[in-house]
Amino acid sequence: MTALINGNRLAGASGELTASLQLARSEALRRSSPVTICGTTDGVACSADWTRWIVVGTNNINNAVDVVRDSTVSGAVQVQGPAGGIVFQSSGLIDAQGQLNVCVPTDSPDENQRVITVLISGNIVTGRVNGGGLCP
């Protein structure tokens with residue numbers, strides 16, 4: 001039962017993060033300006049802490065910065081990502097490949113990590129990793 005619960009937490013958090021990445025890319029294309037997804041502690045500014053993340057972009061009407069999405073992980077789920085976040089350019093591309101890791105520090109289930117890779121093209125690839133009960 002524990003493996004099932006932890007597996008569902010991993011799936012939920014990695015699905016939410018993937019949806020946020022897809023939203024950031026589509027907003028960059030729609031707005032024709034860069035959109036960033038990054039970790040945050042206050043819901044406004046980017047930080048290296050990915051327990052909570054935001055999608056932010058520039059509003060083309062008044063050039064104000066808008067928070068498009070604000071998400072938080074729950075339970076023992078841990079998220080690690082680049083300190084500066086991932087910035088989708090107006091073309092939907094990113095400057096360098098980025099990687100995020102969603103993890104539950106337990107050996108139940110065996111594959112306790114989900115690695116989300118954002119390719120330079122903006123495409124997203126997700127994989128499962130057996131971290132031996134550890135998070136990176």
### Query
Is any side-chain heavy atom of L100 closer than 4.5 Å to a side-chain heavy atom of P82?
yes

### Query
With hydrophobic residues grouped by side-chain heavy-atom distances under 4.5 Å, do L23 and I37 end up in a single group?
yes

### Message
Count I, L, V, M, F, W, Y as connected when their side-chain heavy atoms are under 4.5 Å apart, and connections chain through other members. Are V65 and V67 then in the same cluster?
### Response
yes

### Query
At what distance, to the nearest 0.5 angstrom, does OG1 of T117 lie from CD of Q99?
4.5 Å

### Query
Stepwise, does the side chain to side chain contact (heavy atoms under 4.5 Å, CB included) test hold for L119 with V125?
CA-CA 8 Å; L119 305 175; V125 179; 4.0 Å; yes

### Message
I need the minimum non-hydrogen distance between Q113 and C103, along with the two atoms involved.
### Response
CG-SG, 3.6 Å

### Task
List the steps and the verdict of side chain to side chain contact (heavy atoms under 4.5 Å, CB included) for D107 and N112.
CA-CA 7 Å; D107 57 0; N112 67 318; over 6 Å; no

### Query
Hey, what do you get for CD1 (I54) to OG1 (T40), rounding to the nearest 0.5 Å?
4.5 Å

### For Q89 against P34, the heavy-atom pair lying closest together
OE1-CG, 3.7 Å

### Task
List the atom of V77, the atom of A13, and the distance in Å for their closest heavy-atom pair.
CG1-CB, 3.7 Å

### Query
Does any non-hydrogen side-chain atom of L21 lie less than 4.5 Å from one of F88?
yes

### Message
Could you check whether any side-chain N or O of W50 sits under 3.5 Å from a backbone N or O of G85, counting only pairs where one atom can act as donor and the other as acceptor?
### Response
no

#### Entry: Heavy-atom pair with the smallest gap, counting every atom of S33 and S90
N-CB, 3.5 Å

### Task
Could you verify whether a donor N or O on one side chain and an acceptor N or O on the other, from D49 and S47, lie under 3.5 Å apart?
no

#### Entry: Worked verdict on V102 versus I116 for side chain to side chain contact (heavy atoms under 4.5 Å, CB included)
CA-CA 8 Å; V102 182; I116 302 169; 4.2 Å; yes

### Message
Is there a path of hydrophobic side-chain contacts, each under 4.5 Å between heavy atoms of I/L/V/M/F/W/Y residues, joining V115 to V79?
### Response
no

### Message
I need the minimum non-hydrogen distance between L29 and G92, along with the two atoms involved.
### Response
CD2-N, 3.6 Å

### Task
May I ask whether I124 and V73 are part of the same hydrophobic cluster, defined by side-chain heavy atoms of I, L, V, M, F, W, Y residues being less than 4.5 angstrom apart, directly or through others?
yes

### Query
Closest approach of C135 and Q78, non-hydrogen atoms and distance?
CB-OE1, 3.4 Å

### Task
For R31 and T58, indicate whether the former's side chain and the latter's backbone hold a donor-acceptor pair under 3.5 Å.
yes

### Query
Nearest 0.5 Å, what's the CG-CH2 distance between L17 and W53?
5.0 Å

### Gap separating the OG1 atom of T72 from the CD atom of E16, nearest 0.5 angstrom
9.0 Å

## Note on the structure
In this structure, CZ of R128 is separated from CG of D110 (nearest 0.5 Å) by 11.5 Å

### Nearest-0.5 Å distance that lies between atom CG in D66 and atom CD in E27
9.0 Å

